[in-house]
Amino acid sequence: MTGIEQPVRVRFAPSPTGRMHLASGRMALYNYLLARKTGGQFILRIEDTDQKRYVPTAEQELIDGMHWLGLQWDEGPDVGGPYGPYRQSERKAIYQEYARQLIESGHAYYCFCSPQRLEKLRQEQQQRKENPHYDGLCRTLDVQEAAERVARGEKHVIRFKTPKEGTTTVMDEIRGEITVENRLLDDYIIVKSDGLALYHLAAMVDDHLMKITHVLRGSEWLPTFPLHGLIIRAFGWEMPRFYHLSVFLKPSGKGKMSKRDAADAMKDGFSIYIKDLAELGYLPEAVVNWIALMGWSYDDQTEFFTMDDLIQKFSVDRFNPSPAAINFTKLDHFNGLHIRRLEREDLARRVKPFLVRAGYFVDDSLLLRIIPLIQERLSTLDEVVQFAGFFFEEEIHPLREDLIAKGLTAEQSADVAERCYQVLKGLPRLTVEEAEPPMRALVESLGLTAGQVFGILRVAVTGQKVSPPLFESMEIIGHDKVLKRIEKAIAILRGEETLKN
RNA sequence: GCCCCCAUCGUCUAGCGGCCCAGGACGUGGCCCUCUCAAGGCCAAAACGAGGAUUCGAAUUCCUCUGGGGGCACCA
């Protein structure tokens, strides 16, 4: 196989029937990358031929999700383009015209069987342990007669007249040739009784009319791929290149993701839905990096990719055909990597909404000073609240038990805090350079470890046992506030706190 | 049940007949660094599903089995 150099025309063709999840995101991403890599066009097409399953909010979530991921399309329902409309529900007449062509050329036929008859037929076949399939009752109807019944307004669908003998071979660029016996293919309905085309017809017609050169779609289309080949050949059109991407499995690798698994993931702070990922504190850069590597690889070493890297290095002949289990902890890893390479101002901007959401009033210049202390500690953006919330708090409430240093009593810990207080109070300013040396000297003279002394101070000043570096934090909190907090800690340690309240 | 597809560490993957007693990454364990937590550095455990066949030689080719996934709608 060779890489693609010619500009491609590719499409992401979601159906607005639910939420945008990782698989749709990856599909959109790969199409986008291929288009950008080759200087071609990326088309968004809405496949909304099923009015019963239509979810009004789905399309907006899809568009928001793609914007968030950083994927812009060149043609689509909102931006237009030379091959519109890009919404299948608006292309009804086009499909009917092409269906008529198939009937005229003998590749399709009108079928007047009722849904009830089909249901009964299916049940009988299942009882006899046969494959459910259309029995071909209307296949042999006189063409003239059928046309008259249609003209009279009789309810009907249009079926593709699949050959009964021989085999059909189609080419999947990832797996190679796929061959099936035609007798195992059904006479699929291609136009419903409401006059709207089904995927099998609509997608093939649109891909042709929109001059799609490469079709990237889910592997759930593999079984009907030969049918699609047959339809394309019936029209005498050239086949685009087809790539069937593997599905995503649940994190355990055992079985595909279900609604239940999605709910479980949410409990652990993960989600398979793009929109949720943003709210959970993931960077679009990290999500892109992560999903790009599920089913595709660049080489045996490189794992960190920006969007620009991917556009440059993406190659359609490095897809992996096997299903991939979703690994959320790896997303955390990528998120950390991408957070660490952000500019300070950029990180501040992205982290701010999470602080605001937690109820803090956020001063931008203060936040900017805090960023260097937390940047390498963040795995997700929402962690900013636990790592830096105390900076924005007027009062903190350390636990007495946390204030007691290992190996010391409460009273001893209070004494240590007292000594710290005196040293810090005597300093003209509370910078790292001026505060740390005398504090280390104090540790020395106390005959304690740095961990013990700084531990007490840490809890006193931040209210937490885990925090960003102590002296850097104190410098930002400020002299007065630090001293006040230590006073309060001493009171708590000596049991005077309740009296104060 | 029938059809199609897939099969390397727990997970994502590299490997396209000798470079492989299998490389990278996440995660896990240990060590270093260290005021906590991270980050970073070093080290370790961890895989070619099974059986045949082809070949001087197979993770790599072929067959069978097993396992997993997908499909069998007037859904996409």
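In what follows, every chain begins at residue 1, and chains take the letters A, B, ... in the order their sequences are listed.
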Using a 4.0 Å heavy-atom cut-off, does A:Val157 contact any base of the nucleic acid, only the sugar-phosphate backbone, or nothing at all? base

Looking at every strand, decide which applies to A:Glu303 at a 4.0 Å heavy-atom threshold: base, sugar-phosphate, or nothing. base

A:Ser467 near the nucleic acid: base, sugar-phosphate alone, or nothing, with a heavy-atom cut-off under 4.0 Å? base

With respect to the side chain of A:Pro115, which nucleotide from B:C4, B:A76, B:C74 is positioned closest? B:C74

Need one value for A:Leu470: base, sugar-phosphate or nothing, where a base atom within 4.0 Å counts as base even if backbone is also close, heavy atoms only. base

A:Asn131 near the nucleic acid: base, sugar-phosphate alone, or nothing, with a heavy-atom cut-off under 4.0 Å? base

Would you give the length of the straight line joining atom OH of A:Tyr199 to atom CE of A:Met204, rounded to the nearest 0.5 angstrom? 4.5 Å

From the options B:A38, B:A76, B:C74, select the nucleotide whose nearest atom is closest to the side chain of A:Thr49. B:A76

What is the nucleic acid contact for A:Pro468, judged by heavy atoms within less than 4.0 Å: base, sugar-phosphate only, or nothing? base

Which part of the nucleic acid, if any, lies within contact of A:Asn320, taking any heavy atom under 4.0 Å across all strands shown: a base, the sugar-phosphate backbone alone, or nothing? sugar-phosphate

Using a cut-off of 4.0 Å on non-hydrogen atoms, how would the nucleic acid contact of A:Leu198 be classed: base, sugar-phosphate, or nothing? sugar-phosphate

Need one value for A:Trp221: base, sugar-phosphate or nothing, where a base atom within 4.0 Å counts as base even if backbone is also close, heavy atoms only. base

Using a 4.0 Å heavy-atom cut-off, does A:Arg122 contact any base of the nucleic acid, only the sugar-phosphate backbone, or nothing at all? sugar-phosphate

With respect to the side chain of A:Lys52, which nucleotide from B:C74, B:A25, B:C4 is positioned closest? B:C74

Would you call A:Arg91 and A:Asp206 a salt bridge, taking side-chain N to carboxylate O under 4.0 Å as the test? yes

So what does A:Gln51 touch, heavy atoms closer than 4.0 Å: a base, only the sugar-phosphate, or nothing? nothing

Using a 4.0 Å heavy-atom cut-off across all strands, classify A:Ser193 as base, sugar-phosphate, or nothing. base

Provide, to the nearest angstrom, the distance between the CG atom belonging to A:Leu249 and the P atom belonging to B:G70. 7 Å

Would you indicate what A:Pro469 reaches in the nucleic acid, counting non-hydrogen atoms under 4.0 angstrom: base, sugar-phosphate, or nothing? base

Tell me what A:Gly295 touches on the nucleic acid: a base, only sugar-phosphate, or nothing, going by heavy atoms under 4.0 Å. sugar-phosphate

Just so I know, are the side chains of A:Arg318 and A:Ile174 near enough to count as touching, which here means a heavy-atom distance under 4.5 Å? no

Are A:Phe304 and A:His338 an aromatic pair by the rule of ring centers under 6.0 Å? yes

How long is the gap from CZ on A:Arg241 to CG on A:Asp172, to the nearest 0.5 Å? 11.5 Å

Could you please name the partner base of B:G18, counting Watson-Crick and G-U wobble pairs only when both distances are under 3.5 Å? B:C56

